[in-house]
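Note sheet for the following structure.
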Amino acid sequence: MALATAPGAPYTTPMPVSRAELVLASVVVSLGAGCGRAEPAPGAAASSATAPVAEAAAAGPAAGGVADDAAPAALVAPDTGREVPLGVALGEPAPMPAHIAWIVAGGGGTPADNQVSIEADVALARERLGDGGVVLFGGGPGAHGVQVTGEARGDALRALLGDLFDPRGGRRAVYRPTVLDRVQGPATADALLTTLTAALGQGGDPLLVYLAGHGEAAERAADVLYVTWGGRGVSPAELADTLDKAGDKGRVVRLVMSSCYSGAFADLVFEGADADLARPAEHLRCGLFASTWDRPSSGCDPDPDRRQHEGFGVHFLNALGGLDRDGQPLARADIDFDGDGRVSLLEAHARARIATRGFDVPTTTSERWLRAVAPEDDEAPQADPIPMPEEEAVVRALEAQLGVAAGAAVDETIEGMQAQIARLDATLQAATDAEADAVDRVAAVVLARWPVVNDPWHPDFLRTLEGERHELETFFRTSDLYHDYLAARDDADGAAQKRDELSLALAPYLRLQRARETIALATRLKAEGGAAWARYERLRTCERGSAP
């Protein structure tokens, strides 16, 4: 979700976000758990609490009230069954390795964006990469900020008021301390860039950097952000500047990112990550990304059941070990596409493109370079196809999945689905506008009678809630205006759901189209030859490297 800050600006304190923006943002998270910076739709997040409050009214004040506002001493973490305290001291950071072989960072900008699936991906990345690396996660070692799905609890009337006046995701979540050990620090922008600088200064073998978490969308690829703990984002240009300053040490960086819009960082192939200059970066670096710069990816899920997690990260990391998403061994032909007896980063990336059922349309730096320098079809010299085992494997597998004949056009199918999505966008916008209007009408009546119930921090809020509980519950149970709002919210949720479903159905067609285009572009670029082709070969070789 693009928060209410200027593109590229550091995120500090959230500005008010409209209900319409929240529902529109939910289209990248309500199915497949998108890793954009977004919150669930208000209806999806709070439907049980915001239905007419017959149950709350029947239960009476004993079901909620001031006593329920006191925080419990502990909660049960759904993924472990263990009681965990609600306030914990941070742990001691793990020592830094003498030589940094890899860096793994993950987490959201706040606990509400620090889903348990990100923690699981960070743990799996460390397992795959072995010793000698640095883990940066969330708020740091021992931080109490991992979000897992929780049961409805607390005061139903307060939940209703929160949904109406200040909708946000995570109100039913349980937050527990991270179970990760050997964490060197928080996943802040400063910690990430400082660690990266230190690792580059050591020289030596290629450095693998794996970034899990959330991306923040923008109108231009250059303004997309990788969101770090505390809310500040890292842009492609800032990351390029860090790499450039330490690049003379000769250490090649291989970057892997699972966040939404992460393909924006494919512009690292250019000097200063500036695609407009179109000059190749002086020092070689390559990357593999969960999605293109303008699309969400899947993989940020508060469900504690690892078997339910979907997205680039779980497929990519398991593929590095020759396994499918469930940890079962893959046949060699299903992962070692070039037959050299090992699983490269690019092969794991190709496997993710084949196996994911999410929003992901993964891309790479070499693809970005091709699309910048390859000659147009009508200008290209004649050339024979070149071996591209990873792309060919993606094409074969997706053609089989989709029931598309080899060589058959998919462009018309894509155009038709995109046209449907555009129509759904219009429907969704109208539905969210209607919901926002309905909220305004309800709020006008409620606040005229109870002027502080939209502010739980007001000193009169609790007194009003308890003294007027029966009247408030009766209003929401009987008000036509409130029921109109519920109906409008359901319409918006339904439109968002339909859009999600269609976007998920579109993704494999886009992956197939992109693989075919990459083969054609690479064939034309090789026929032209020269420095541009040499750079492409170097990028592809870099992407075909192995994990440390």
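Sequential numbering from 1 along the given sequence is applied to the chain's residues. Computed from a predicted structure; not experimentally measured.
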Please give me the minimum heavy-atom distance between [X] and [Y], naming the atom from each residue.
| X | Y | result |
| --- | --- | --- |
| Val394 | Ala515 | CG1-CB, 3.9 Å |
| Pro236 | Leu268 | O-CD2, 3.7 Å |
| Arg357 | Leu504 | O-CD2, 3.7 Å |
| Leu317 | Leu124 | CB-CD2, 3.6 Å |
| Phe137 | Val183 | N-CG1, 4.0 Å |
| Arg254 | Cys542 | NE-O, 2.7 Å |

Any Lys/Arg nitrogen of [X] or [Y] sitting under 4.0 Å from an Asp/Glu carboxylate oxygen of the other?
| X | Y | result |
| --- | --- | --- |
| Asp267 | Arg368 | yes |
| Arg232 | Asp190 | yes |
| Arg351 | Asp334 | no |
| Arg353 | Glu390 | no |

Next on the checklist: Is there a side-chain contact (heavy atoms from CB on, under 4.5 Å) between Leu506 and Phe359? Walk through the geometry before answering.
Outcome noted: CA-CA 8 Å; Leu506 173 63; Phe359 295 104; over 6 Å; no

With no hydrogens and no angle check, do the side chains of [X] and [Y] hold a donor and an acceptor under 3.5 Å apart?
| X | Y | result |
| --- | --- | --- |
| Arg285 | Thr365 | no |
| Asp433 | Gln429 | yes |
| Thr178 | Glu119 | yes |

Quick one, [X] and [Y] - any side-chain contact, counting heavy atoms below 4.5 Å?
| X | Y | answer |
| --- | --- | --- |
| Leu160 | Asp155 | no |
| Ile414 | Gln418 | yes |
| Glu501 | Leu424 | no |
| Val134 | Pro97 | yes |
| Glu347 | Arg544 | no |
| Glu435 | Asp491 | no |
| Phe289 | Tyr261 | no |
| Leu510 | Gln513 | yes |

Distance-only, no hydrogens or angles: does the [X] side chain make a donor-acceptor pair with backbone N or O of [Y] under 3.5 Å?
| X | Y | answer |
| --- | --- | --- |
| Ser117 | Gly299 | yes |
| Thr149 | Pro302 | yes |
| Ser291 | Pro296 | yes |
| Tyr226 | Ala212 | yes |
| Gln184 | Met96 | no |
| Arg511 | Asp360 | yes |
| Arg499 | Leu428 | no |
| Ser259 | Ser262 | no |
| Arg514 | Glu367 | no |
| Gln308 | Asp303 | no |

Item to check | Check against salt bridge (charged side-chain N to carboxylate O under 4.0 Å, His left out), Arg306 and Asp301 | outcome: CA-CA 9 Å; Arg306 182 62 166 168; Asp301 194 337; over 6 Å; no

Enter the distance from [X]:[atom1] to [Y]:[atom2] here, rounded to the nearest 0.5 Å.
| X | Y | atom1 | atom2 | answer |
| --- | --- | --- | --- | --- |
| Trp229 | Asn114 | CH2 | CG | 5.5 Å |
| Thr197 | Leu192 | OG1 | CG | 9.0 Å |
| Leu211 | Asp121 | CG | CG | 12.5 Å |
| Leu255 | Leu207 | CG | CG | 9.5 Å |
| Lys498 | Gln420 | NZ | CD | 11.5 Å |
| Asp113 | Ile118 | CG | CD1 | 7.5 Å |

Next on the checklist: Please determine whether side-chain contact (heavy atoms from CB on, under 4.5 Å) holds for the pair Asn454 and Asp166, giving the CA-CA distance in whole Å, both sets of side-chain angles, and the decisive distance to 0.1 Å.
Outcome noted: CA-CA 8 Å; Asn454 64 339; Asp166 185 19; over 6 Å; no

Next on the checklist: Is it the case that the ring center of His349 lies less than 6.0 angstrom away from the ring center of Phe312?
Outcome noted: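 Yes, the ring of Phe312 comes within the 6.0 Å limit of the ring of His349, centre to centre.
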
Item to check | Heavy atoms from other residues, nucleotides or ligands near CG of Asp326 exceed 12 (cutoff 6.0 Å) | outcome: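 Result for CG/Asp326: enclosed.
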
Checklist entry - Hey, mind stepping through Tyr210 and Ser258 against side-chain contact (heavy atoms from CB on, under 4.5 Å) and telling me if it holds? => result CA-CA 8 Å; Tyr210 186 96; Ser258 63; 3.9 Å; yes

Next on the checklist: I'd like to know whether Leu208 forms a side-chain contact (heavy atoms from CB on, under 4.5 Å) with Leu345, so could you lay out the CA-CA distance, the side-chain angles of the two residues, the decisive distance to 0.1 Å, and finally the verdict.
Outcome noted: CA-CA 10 Å; Leu208 181 66; Leu345 297 172; 4.1 Å; yes

